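Report on the following structure.
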Number of protein chains: 2
Amino acid sequence: MLIYCILGFLRFKPMTGYEIKAFMEKSTRNFMFASFGSIYPALKRLKKMKWISSVQKVESGRLRIIYDITPDGKEGFNNWLSSRWSFDKGLEEMLLRIFFGSFLPAEVIQSKYDELSASLDGKRDTLLKLEKEIPEANINSFQHSTLLYGKDFYSFTKKWIIEHKPKMLK
Amino acid sequence: MLIYCILGFLRFKPMTGYEIKAFMEKSTRNFMFASFGSIYPALKRLKKMKWISSVQKVESGRLRIIYDITPDGKEGFNNWLSSRWSFDKGLEEMLLRIFFGSFLPAEVIQSKYDELSASLDGKRDTLLKLEKEIPEANINSFQHSTLLYGKDFYSFTKKWIIEHKPKMLK
DNA sequence: GGCGCCATGTAACCAGTTACATGATTGC
DNA sequence: GCAATCATGTAACTGGTTACATGGCGCC
């Protein structure tokens, strides 16, 4: 996931590893955050894959390695962004995808919100089935309340997704 | 976190590694789930720490290693469960703690819900500050919507916590 | 001269995963 | 006789973390 986050950032503009971390701090930090110890190795990995390129500069005495996304990288990023928007990998991936929604054509983005909404229904159904399988006598009120939270959470998130689905421009 | 989950399960009743996984599957699976590849090593670790004990039995030809929590384990578990209920480690830890709420004295549990609620306020405040720091012109509607979701999510969860806070019995 | 920020990176560690290996029992 | 379930476990890998190491710039 971190690599797609980095790739997405580089679609906004070329950046150094340091800037990537700073950008995370003020944009995605509540759902996606990483330390230098994972950012720099991730950049090396992406470079090796040829999904990003780099230029070294010395600016006012400081070494800066500025990374940019390559056509291969764009393809990899777009494949990730346009693959099924399910909730299976959790809230974090959902929000990261939404964050980069502007890189998807307007016609596609609505169907992605619909996919998400369907996935949330599926999640809720699974919980409902789970609930039916458990005899109520075998579960205390705290255990039951975690199930309840799950159901309410999926309902809330689904409703939110529907309400915030981008409107089609006529 | 996994070790506290296992410890909590063993407070309900002694179990084998296999049973622990099966129990997870039908109780905590939407917020806490692990494979055998992490359960068995975790049990070994807990055994080494003397937080759990084990008895080997051969029942109808099958080897079963039944684990039980020790007094040291109970202490470790209680320390974890009664440490500050913050939202810092995410939804999963919050739900796991609630799941084991019955192991906390009735007087304490209410204050834990209050702690959680305060922690959620704090999280929301951080997002509010973040939002103020970002000039609106610099952010597209998708980026903005992830912020919005964060705020709504914290509000929803806080409201839920308050509504489901256990009532004091008179 | 010292602090805070800019900037890069590595090493040790941690907690998990998937895939594999083994083997017995139960029920159709 | 075969599939599903019960039962234990390891090895290779993954994707991150914290702490450390290094060093220059800008400003008071």
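Quick note on labels: first sequence line is chain A, next is B, and so on, each numbered from 1. Remember, predicted model here, so these are calculated numbers, not experimental data.
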Review point. Using a cut-off of 4.0 Å between protein heavy atoms and nucleotide atoms, how would you tag nucleotides 21-28 of chain D 5' to 3' with B, S and -?
Key: ---BB---
Distance check needed: [N] [atom2] versus [X] [atom1], whole Å only.
{"X": "B:Leu63", "N": "C:dA21", "atom1": "CG", "atom2": "C1'", "value": "16 Å"}
{"X": "B:Tyr4", "N": "C:dG16", "atom1": "OH", "atom2": "P", "value": "12 Å"}
{"X": "B:Lys57", "N": "D:dT8", "atom1": "NZ", "atom2": "C1'", "value": "17 Å"}
{"X": "B:Ile20", "N": "D:dC6", "atom1": "CD1", "atom2": "P", "value": "15 Å"}
{"X": "B:Asp88", "N": "D:dT17", "atom1": "CG", "atom2": "P", "value": "16 Å"}
{"X": "A:Glu92", "N": "D:dG16", "atom1": "CD", "atom2": "C1'", "value": "14 Å"}
{"X": "A:Tyr18", "N": "C:dC6", "atom1": "OH", "atom2": "P", "value": "4 Å"}
{"X": "B:Ile3", "N": "C:dC14", "atom1": "CD1", "atom2": "P", "value": "12 Å"}

Review point. Distance from A:Phe99 atom CZ to A:Met94 atom CE, nearest 0.5 Å?
Key: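 Spacing of CZ (A:Phe99) from CE (A:Met94) equals 14.0 Å.
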Angle between ring planes, [X] versus [Y], binned at 30° and 60°: parallel, tilted or perpendicular?
{"X": "B:Phe156", "Y": "A:Phe156", "answer": "parallel"}
{"X": "B:Phe23", "Y": "B:Phe12", "answer": "tilted"}
{"X": "A:Phe36", "Y": "A:Tyr18", "answer": "parallel"}

Practice item. Output the rest of the hydrophobic cluster of B:Ile162: all Ile, Leu, Val, Met, Phe, Trp and Tyr residues reachable through side-chain heavy-atom contacts under 4.5 Å, sorted by chain and number. Key: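 Listed partners: none, B:Ile162 stands alone.
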Practice item. If you link ILVMFWY side chains whenever their heavy atoms are less than 4.5 Å apart, which other residues fall into the same cluster as A:Val55? By chain and number, please. Key: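 A:Ile66, all in the cluster of A:Val55.
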Can you give me the N/O atom pairs linking the protein to nucleotides 1-4 of chain D at distances under 3.5 Å, or say none if there are none?
none

Review point. If an axis is fit to five pairs at each end of the helix from C:dG1-D:dC28 to C:dC28-D:dG1, what is the angle between the two, to the nearest 10°?
Key: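 What I find for the helix from C:dG1-D:dC28 to C:dC28-D:dG1 is an axis angle of 20°.
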I'd like to check the side-chain hydrogen bond (donor to acceptor under 3.5 Å, both in side chains) partners of [X]; sequence neighbours left out, ordered by chain and number.
{"X": "B:Ser117", "answer": "none"}
{"X": "A:Lys112", "answer": "A:Glu115"}
{"X": "B:Glu131", "answer": "B:His144, B:Lys151"}
{"X": "B:Ser141", "answer": "none"}

Exercise for review: Start with the C-alpha gap between B:Glu133 and B:Lys129, add the side-chain angles, then the distance that decides, and say whether salt bridge (charged side-chain N to carboxylate O under 4.0 Å, His left out) holds.
Suggested key: CA-CA 6 Å; B:Glu133 280 164 27; B:Lys129 268 174 210 152; over 6 Å; no
Exercise for review: Could you list the residues that satisfy side-chain contact (heavy atoms from CB on, under 4.5 Å) with B:Pro105, not counting sequence neighbours?
Suggested key: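 B:Pro105: side-chain contact (heavy atoms from CB on, under 4.5 Å) contacts with B:Glu107, B:Val108.
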**Study point:** Identified ring-ring contact (aromatic ring centres under 6.0 Å, His included) counterpart of B:Tyr4 within the set B:Trp80, B:Phe77, B:Phe100
**Key:**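 Only one of B:Trp80, B:Phe77, B:Phe100 forms a ring-ring contact (aromatic ring centres under 6.0 Å, His included) with B:Tyr4, namely B:Trp80.
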Practice item. Taking only heavy atoms on the protein side, list every residue of residues 28-44 of chain B lying under 4.0 Å from any atom of DNA chain D, sorted numerically. Key: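 Listed by number, they are B:Phe36, B:Gly37, B:Tyr40, B:Lys44.
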Practice item. Scan residues 67-78 of chain B for pairs that pass side chain to side chain donor-acceptor pair (under 3.5 Å), counting only residues two or more places apart or in two chains. Key: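 Applying side chain to side chain donor-acceptor pair (under 3.5 Å) to every pair that reaches into residues 67-78 of chain B, excluding sequence neighbours, yields B:Arg11-B:Asn78.
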**Study point:** Toward the 5' end of DNA chain D, by each residue's nearest nucleotide, A:Arg45 or B:Arg64
**Key:**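 Whichever sits nearer the 5' end wins; that is B:Arg64.
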Check your understanding: Does a side-chain N or O from A:Thr16 land closer than 4.0 Å to OP1 or OP2 of C:dT8, or not?
Key ->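 Yes, A:Thr16 has a side-chain N/O under 4.0 Å of OP1/OP2 on C:dT8.
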